[in-house]
Amino acid sequence: MAERTVATHCPYCALQCGFCVTRGTGGLELVGNSTFPVNRGLLCVKGWSAGETLAHPDRLRAPLVRDAEGRLVPATWDEALDRIVLRFKEIQARHGHDAVGVFGSGALTNEKAYLLGKLARVALGTSNIDYNGRFCMSSGAAAATMALGLDRGLPFPLEDIPQATAILVAGANIAETMPPLMQYFEDQQLRGGALVVVDPRRTPTAAWAGRHLAIRPGTDAALANGLLHVLIRDELIDHAYIRDRTEGFDEVRRLVSIYWPRRVEEITGVPEAAIVETARLLGGAAHPMILTSRGPEQQSQGVNNTLAYINVALALGAVGRPYSGYGCVTGQSNGQGGREHGQKADQLPGYRRIDDERARAHLADVWGLPASAIPGVGKSAIELLNSVGRASGIRALLVMGSNIAVSAPNAAAVHARLKSLECLVVADFFLSETAQMADVVLPSAQWAEEDGTLTNLEGRVLMRRRVLDPPDGVRTDIDMLCAIGQKLGHARQFSYTDTEAVFDELRRATRGGPADYYGITYARLQAGDGVFWPCLSLDHAGTPRLFGDSFPTENGRARFHAVSHRSTAEPASPDYPLYLTTGRVLAQYQSGTQTRRVRALQELAEEPLAEVHPATARAKGLASGDRVTLTTRRGAATFVVKTTSTIREDTIFVPFHWGGIQSANNLTNAALDPTSKMPEFKVCAVRIQKSE
């Protein structure tokens, strides 16, 4: 086999680090791509080991179908696809088109996300499609759209971060979740910049930053309002910017007048002096920047929390100015593109609203069908899952690239609903916890086995290139989506010569929309390091920085929102006296379907640890290494204790990458934000006791 090197991208987080894969007689060799401007050659431990899943012995290499005795047994592709189509048609004939649901993923390429949405709305005729990004970025996306008129995770390139003079990072542990991104913050500090981290834990990111606000879980809106109170009181706001570029400030000024620092300390647990110091640090900065992530967003008040932080950025006059502004640190590999092209229940490609008649007419023209044939707004992810078993609910579900059984909140209830489906179809690389319950399992190609585009956290559309062919018996998701669409009677709409042809249709579908990809082509992506959307034409350079002159709102102004702090959906109580918060660790990713199969990563994080403050542990008679049971109103899970003074005494942290009796999501609360429909992963009431 001749040696061949391909420049491509990591399959994990939204940084989308570039690496070079060399395929030779000794297998695959993977090194960081020093010429790619995002990671500059750096990789995290997950990126270095990304090739190990490709030839893993657990890899699915043939479709599986459930036989009469309840076993998953190998089948041909035609047998598997015919069974899917037959069952879907039968169920829709009896219960209507919306009885079949589709559940996608922020890990799918732009082409797959687009085609999955098209399959749902054109071939299946169902409104019920959503994706696991509803569990991740939906609150930040909704808040940015409400306040700024458009959601693009970072509306500026990463290269702006080093030149920011003061940065507030709320609820992001970048040192563990996106290690190569830390080089930008290191550069920022070398230039004399200040970094403040808001988190209930003194994470590696907070410890490195040196300025840490140890917030009580669920109180972000109060903290942000307190910061704005001090900024207004001390005359540190940008009056000219507020007057010329925003609306709604007076109502916010009145609201935050009651969030004086002493009161905010009582709510948040953050000392009054630290609140004042942080506000003055931001207010005195030439280039202030506010970044939010899952901490404030994965709450039943996630949109309000994020809006409150955006209010601070707007009051500082930061948004739209170079080296300043507000941004949301997107998590999943294609979390940005995945939410732009039709996987969400309320959106069409190009970030168009599905209830916008002009948007419907545009897509109808691209798809070659009447606008009236496009279904309306469907159920969001948790609402979709909650509808299973109800008279007008979901009876069959197609899941692509998501392990709902581990990643969804209140996991035991989700398990029961998945088992009650008349037909569950899962496409994945491995037999995940969700796939184990399926009636049909389809083996998918992995990242190195297909071409496609992704959009990273800064809005940079880039090309992930194929390195090798899929194993025999394995198909790409695009191949299987087209096959299902054709078997459902829509051969014209699901016949493409290659992946580039899918992208060319996506370009036309997004043209004129908020997320306009029309000017981006495979040729441009192959020739460079990516193109920032919106890119309106073939001679358009792309848009690295948004909001410089105006905002894409009706009047061109950004909108302040007066948002009060509200209690979490589930406050602590005598029976459940502590707060539980969840998150990621360095060596694992999402539901762990891939990373728990990589030996090096398992050696670093073999099982989930429950982080408990030493004072809390002593009060409960616990020590590091003890096995404990955490219990909430939804269920229980078992973990090993890690005592650490880096967490608040009233808070316990557990990572969510494991299933079964070690599933953090057996505990979490499915209470939803009313706007984003984001579940409250980040805070619920819990009790802890030593396991027998």
Side-chain angles (χ1 to χ4, degrees), residues 6-23 27-33 36 38-39 42-56 58-60 104-113 116 131-133 136 177-181 330-338 400-403 406-407 427-430 432 443-457 460-471 474-478 499 525 530 584 586-602 657:
V6 178
T8 188
H9 294 273
C10 180
Y12 291 115
C13 80
L15 202 56
Q16 278 302 286
C17 293
F19 50 45
C20 296
V21 182
T22 300
R23 182 187 181 193
L28 296 182
E29 179 184 346
L30 192 155
V31 297
N33 183 353
F36 186 60
V38 172
N39 60 308
L42 297 184
L43 296 175
C44 76
V45 65
K46 293 187 293 295
W48 283 116
S49 60
E52 293 189 26
T53 60
L54 296 171
H56 196 281
D58 290 350
R59 183 84 187 267
L60 293 171
S105 170
L108 302 181
T109 63
N110 291 317
E111 292 85 352
K112 295 180 191 179
L116 190 65
Y131 79 131
N132 63 11
C136 196
T177 58
M178 292 182 172
L181 181 55
T330 299
Q332 295 184 80
S333 58
N334 198 30
Q336 182 66 53
M400 182 162 280
S402 185
N403 188 9
V406 174
S407 63
D428 212 327
F429 320 131
F430 300 109
S432 68
S444 294
Q446 290 196 48
W447 60 274
E449 301 162 351
E450 58 185 356
D451 291 319
T453 64
L454 299 98
T455 307
N456 81 344
L457 77 170
R460 183 194 300 262
V461 183
L462 48 86
M463 172 71 72
R464 185 187 286 169
R465 296 173 177 86
R466 177 185 291 212
V467 180
L468 67 167
D469 293 332
V474 174
R475 291 189 183 181
T476 69
D477 293 335
I478 286 179
T499 305
L525 296 178
R584 286 170 49 190
L586 171 65
Q588 300 291 348
Y589 183 73
Q590 301 300 78
S591 71
T593 301
Q594 297 170 82
T595 52
R596 283 188 275 125
R597 288 177 164 85
V598 176
R599 180 181 300 176
L601 302 181
Q602 275 296 89
H657 311 290

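Here, residue 1 is the first one in the sequence, and each next residue gets the next number. Quick caveat, the model's predicted, so the values are computed rather than measured.
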Give me the atom names and distance for the closest heavy-atom approach of Gln336 to Thr455.
CB-O, 3.5 Å
If I take atom CD1 from residue Ile478 and atom OG from residue Ser444, how far apart are they, to the nearest 0.5 angstrom?
11.5 Å
Do the side chains of Thr453 and Thr109 get nearer than 4.5 Å, heavy atoms only?
no
Got a second to check how far Met178's CE is from Leu457's CG, nearest 0.5 Å?
5.0 Å
Minimum heavy-atom distance between Leu601 and Ala587, given as atom pair plus value:
CB-O, 3.3 Å
Residues Asn110 and Gly337: closest non-hydrogen pair is OD1-CA, 3.2 Å
What one should report as the nearest heavy-atom pair of Gly401 and Ser105 is O-OG, 2.9 Å
Between Asn39 (side chain) and Leu43 (backbone), is there a donor-acceptor pair under 3.5 Å?
no
Interatomic distance, Asn456 atom CG to Cys10 atom SG [nearest 0.5 angstrom]
12.0 Å
Taking every heavy atom of Gly47 against every heavy atom of Leu30, the minimum-distance pair comes out as O-CD2, 3.6 Å
Backbone N or O of Leu586 within a donor-acceptor pair of the Lys46 side chain at under 3.5 Å?
yes
The residue among Gln590, Gln602, Gln588, Glu52 that forms side chain to side chain donor-acceptor pair (under 3.5 Å) with Thr595 is Gln588
CZ/Arg584 to OG1/Thr177 distance, rounded to the nearest 0.5 angstrom?
5.0 Å
Can you tell if the side chain of Leu54 reaches within under 4.5 Å of the side chain of Trp447, non-hydrogen atoms only?
yes
Taking Arg466's backbone N and O only, do any of them form a donor-acceptor pair with Asp451's side chain (distance below 3.5 Å, no angle check)?
yes
Exam field: side chain Asn132 to backbone Gly106, donor-acceptor pair closer than 3.5 Å:
yes
Below 4.5 Å, heavy atoms only, C-beta onward: do Asn33 and Cys20 meet side chain to side chain?
yes
Side chain to side chain donor-acceptor pair (under 3.5 Å), paired with Thr53, selected from Arg59, Arg597, Gln446, Gln594
Gln446
Flag side-chain contact, heavy atom, 4.5 Å: Phe19 against Val31:
no
Please confirm whether the backbone N or O of Ser591 pairs with a side-chain atom of His657, one donor and one acceptor, at under 3.5 Å?
no
Is there a donor-acceptor pair under 3.5 Å between the side chain of Gln16 and the backbone N or O of Cys13?
yes
OG1 on Thr476 to CD on Glu450, rounded to 0.5 Å:
6.0 Å
Do you know which two heavy atoms are closest between Ala50 and Tyr12, and how far apart they sit?
CB-CE1, 4.2 Å
Within this structure, what is the CD-CG distance for the pair Glu449 and Leu468, rounded to the nearest 0.5 Å?
5.0 Å
Residue pair Leu108 / Tyr131, side-chain heavy-atom distance below 4.5 Å:
no
So, do His9 and Phe36 have ring centers that fall under 6.0 Å from each other?
yes
For Gly452, does its backbone N or O pair with a side-chain atom of Arg464 as donor and acceptor, under 3.5 Å?
no
